[in-house]
Protein chains: 2
Amino acid sequence: MVNHTSSLNKSLKASPQQDKKSVTVHDVARVAGVSKSTVSLVLRGSEKASTKAKDKVLKAIEETGYVYNRDAAAMRSKSSDLVAIVINDLTNPYSAKLAVALEKHVRQLGLMATLVNTSEDVETQTQIVAKLKEYRVKAFIICPAPNTEAQWLEELQTMQTQVVSIMRQVSGSTIPCVLPDNEKGVYTATKALIKRGHKQIAFIGGDDAISDYHQRLLGFNNAINEHPDVSSWVFNSATNRQGGRLAMSMCLEKVPSIESVMCFNDIVAYGVMEYLAEQNIKPGSDIGVIGFDDLDDSKLMSVPLSTVKIDADDIAKAVCEILKGDKPESLKQVPVSLIERSS
Amino acid sequence: MVNHTSSLNKSLKASPQQDKKSVTVHDVARVAGVSKSTVSLVLRGSEKASTKAKDKVLKAIEETGYVYNRDAAAMRSKSSDLVAIVINDLTNPYSAKLAVALEKHVRQLGLMATLVNTSEDVETQTQIVAKLKEYRVKAFIICPAPNTEAQWLEELQTMQTQVVSIMRQVSGSTIPCVLPDNEKGVYTATKALIKRGHKQIAFIGGDDAISDYHQRLLGFNNAINEHPDVSSWVFNSATNRQGGRLAMSMCLEKVPSIESVMCFNDIVAYGVMEYLAEQNIKPGSDIGVIGFDDLDDSKLMSVPLSTVKIDADDIAKAVCEILKGDKPESLKQVPVSLIERSS
DNA sequence: AAACAAAAATGGAACGTTCCAATTTTAATT
DNA sequence: AATTAAAATTGGAACGTTCCATTTTTGTTT
């Protein structure tokens with residue numbers, strides 16, 4: 001802000017004083033003509049400070065360019081407003097969307113969100129979380145990497161640290177958990193396919209290693225089992241575009257008369273639709289395709305994708321409810337909704 | 001861990017003691033039989049502590065379950081190991097990829113990375129960064145939101161806070177900046193299209209509001225201008241899938257004889273290819289398509305996309321070089337490479 | 001105007017670490 | 001064994017805030 005035009009005059013070789021001294025509550029107090037305690041009160045928005053004092057302090061803060069020191073505050077008060085959002089894979093479009101929603105909602109709670117990415121690696125997860133503990137974060141919102149141990153998760157929770165797990169359930173853990181209603185979502189979507197009159201339906205994508213796979217497959221089977229005249233198949237695959245392509249080609253080879261496919265998620269569905277397009281099979285009219293997630297791209301595709309929508313805001317809201325201590329329940333299933341488009 | 005089975009016996013109403021007392025260096029020192037100063041030395045990996053002392057302290061840490069308190073350390077030492085990575089839009093696949101790479105490299109530097117997302121909103125950016133200042137972060141790695149003021153960015157840089165801007169250049173600012181070589185990338189790609197013998201080439205996607213648009217378009221025009229027999233067109237659009245579709249349809253309408261298109265980025269190219277597929281035009285053999293970014297999906301598409309690759313690791317490395325203080329230069333152009341696939 | 005209660009303001013201690021100057025221990029040399 | 005230098009260790013002060021018990025100010029009632 002201040003330009004030292006006089007620096008040319010004296011001692012050119014002497015480097016400028018590294019940093020005189022940072023501005024503290026004491027300085028603000030002096031300028032405002034009050035005590036440091038009063039400044040502290042104002043900083044924290046206490047009711048106990050008079051309007052007059054508040055004005056003086058606010059003006060002094062402006063004047064001095066004071067910046068609140070959270071390290072000092074956190075140390076003395078032994079409390080932090082940092083919330084760590086630990087994401088399994090930020091390069092996954094749905095994870096990124098969820099991370100952004102979580103960050104926004106945490107911020108609306110008046111807390112500071114810090115995002116970290118584990119790349120689905122437990123080792124990395126352990127390291128990062130250990131470091132975050134040193135920063136005394138107030139809460140962990142964590143989408144656990146595969147092979148996360150229940151005990152580890154359990155011990156993360158302390159008197160001063162809240163833990164909420166999202167999207168994935170670590171079996172054996174009692175940590176509060178927020179999940180989309182995977183089972184009902186796939187159930188509803190599968191029923192919709194059956195209602196179209198389809199009698200040959202496949203579930204495509206994903207595999208046992210993924211914790212939500214079971215729930216989604218269960219929803220599929222439940223729907224199928226209600227209709228004895230409907231036949232079903234299951235084709236596992238990697239949960240990416242390529243996986244969807246491969247699984248769809250296998251499916252067509254094995255069941256050429258297939259009428260529709262329920263996909264593990266949107267990304268797999270993209271692969272499926274791509275493959276179908278190459279075979280000159282029209283998604284929707286020739287073979288029904290439904291995804292899961294409702295990524296932003298899904299409605300923009302050449303054949304807009306029908307899908308089960310997980311509202312990231314709903315998940316974030318549910319997490320924040322728990323952070324606020326409103327919901328002590330340990331498992332919150334967030335409702336999902338079927339979005340029927342052209343596929 | 002500990003189950004208070006005895007809680008049924010005594011005083012049901014008395015809630016358990018909130019938290020006895022956290023373990024500090026003093027406790028570790030007492031258990032290890034050394035002074036707190038020695039413990040501090042060991043904690044910071046100092047050479048000055050004897051191996052014997054180190055062993056004793058390490059054992060005591062294990063025994064007591066001590067957790068380093070970074071708030072206290074940061075306050076006393078007036079230095080932090082927190083690096084803030086401020087991303088403009090985490091839901092953009094390339095941004096997410098870059099964020100992950102940056103986080104990884106920052107961590108390899110022995111620093112703690114914290115990721116925040118501004119959703120391309122200057123207001124949000126201002127708020128978040130102000131909050132991060134209160135945490136005394138050591139450095140900001142920032143992809144500036146549109147309309148970021150040069151002065152604001154400039155003032156972010158202080159004696160104790162480094163600032164590096166990435167991907168976007170804020171004009172009027174002297175903050176060190178790491179960019180992909182947009183101009184050369186598009187130039188090289190366009191030359192490759194010309195070498196295929198194409199004489200009718202369009203640049204598709206993006207618009208003036210995006211800072212790197214100029215550089216890419218400049219590369220395009222430079223290549224075109226070297227060949228008087230080649231005609232060119234420019235079609236602006238939103239930088240998403242839908243934008244690509246729209247721009248391509250306009251292009252085909254206006255220039256039915258178009259031979260190839262250079263796209264602003266991969267996402268736009270996806271839209272282009274989707275539209276071409278619908279028109280039964282084969283990307284690559286009928287109309288050449290080149291993207292920019294090299295997203296993971298690009299090589300997996302039904303017609304693998306030719307593109308200019310920006311290696312996220314290269315960007316991250318360049319940023320870290322600056323953080324380490326190795327490169328005082330204010331503008332680092334990271335080389336990009338043309339990846340020729342089928343399109 | 002005196003008496004009192006409520007509100008506002010205050011100074012010192014404390015949080016857990018690192019820095020520093022001083023002391024103790026160890027090793028090397030005579 | 002005495003001397004000296006180097007290495008290792010140490011206790012107290014300091015970082016900038018919040019907490020707490022106390023004091024001062026304000027406002028109300030008698």
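By convention in this document, chain letters (A, B, ...) are assigned in the order of the sequence lines, proteins followed by strands, and residues within each chain are numbered from 1.
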Which part of the nucleic acid does [X] contact within heavy-atom distance under 4.0 Å: base, sugar-phosphate only, or nothing?
{"X": "B:Arg44", "value": "sugar-phosphate"}
{"X": "A:Ala74", "value": "nothing"}
{"X": "A:Ser50", "value": "sugar-phosphate"}

Verify whether one side chain among A:Thr161 and A:Thr158 offers a donor that lies under 3.5 Å from an acceptor in the other.
yes
Between [atom2] on [N] and [atom1] on [X], what's the gap in Å once rounded to a whole number?
{"X": "A:Arg76", "N": "D:dC20", "atom1": "CZ", "atom2": "P", "answer": "7 Å"}
{"X": "B:Asn69", "N": "C:dC15", "atom1": "CG", "atom2": "C1'", "answer": "9 Å"}
{"X": "B:Lys56", "N": "D:dT9", "atom1": "NZ", "atom2": "P", "answer": "7 Å"}
{"X": "A:Arg136", "N": "C:dC15", "atom1": "CZ", "atom2": "C1'", "answer": "11 Å"}
{"X": "B:Lys52", "N": "C:dT26", "atom1": "NZ", "atom2": "C1'", "answer": "10 Å"}
{"X": "A:Leu43", "N": "D:dT18", "atom1": "CG", "atom2": "P", "answer": "6 Å"}
{"X": "A:Met75", "N": "D:dC19", "atom1": "CE", "atom2": "P", "answer": "12 Å"}
{"X": "B:Leu41", "N": "D:dA7", "atom1": "CG", "atom2": "C1'", "answer": "12 Å"}

Can you tell me if CD on A:Gln108 sees more than 12 non-hydrogen neighbours from other groups inside 6.0 Å?
yes
Paired with A:Ile166, the side-chain contact (heavy atoms from CB on, under 4.5 Å) test is passed by just one of A:Leu179, A:Asn88, A:Leu102, A:Ile142, namely A:Leu102
For B:Val25, which of B:Val42, B:Thr38, B:Val39 qualifies under side-chain contact (heavy atoms from CB on, under 4.5 Å)?
B:Val39
If each end axis of the helix from C:dA1-D:dT30 to C:dT30-D:dA1 is fitted on five C1' pair positions, the angle between them, to 10 degrees, is 30°
So, [X] and [Y], do they make that salt bridge, N to O below 4.0 Å?
{"X": "B:Glu62", "Y": "B:Lys59", "value": "no"}
{"X": "A:Glu120", "Y": "A:Arg168", "value": "yes"}
{"X": "B:Asp81", "Y": "A:Lys131", "value": "yes"}
{"X": "B:Asp55", "Y": "B:Lys52", "value": "no"}
{"X": "B:Asp313", "Y": "B:Lys104", "value": "yes"}

For [N], does OP1 or OP2 lie under 4.0 Å from any side-chain N or O of [X]?
{"X": "A:Ser37", "N": "C:dG11", "result": "no"}
{"X": "B:Lys78", "N": "D:dG16", "result": "yes"}
{"X": "A:Thr38", "N": "C:dA9", "result": "no"}

Start at the 5' end of DNA chain D and walk down; is the nucleotide closest to A:Ala72 or to B:Ala49 reached first?
B:Ala49
State whether the side chain of A:Gln162 and the backbone N or O of A:Lys138 hold a donor-acceptor pair below 3.5 Å, judged by distance alone.
no
Within residues 24-36 of chain B: residues closer than 4.0 Å to DNA chain C (heavy atoms)
B:Thr24, B:Val25, B:His26, B:Lys36
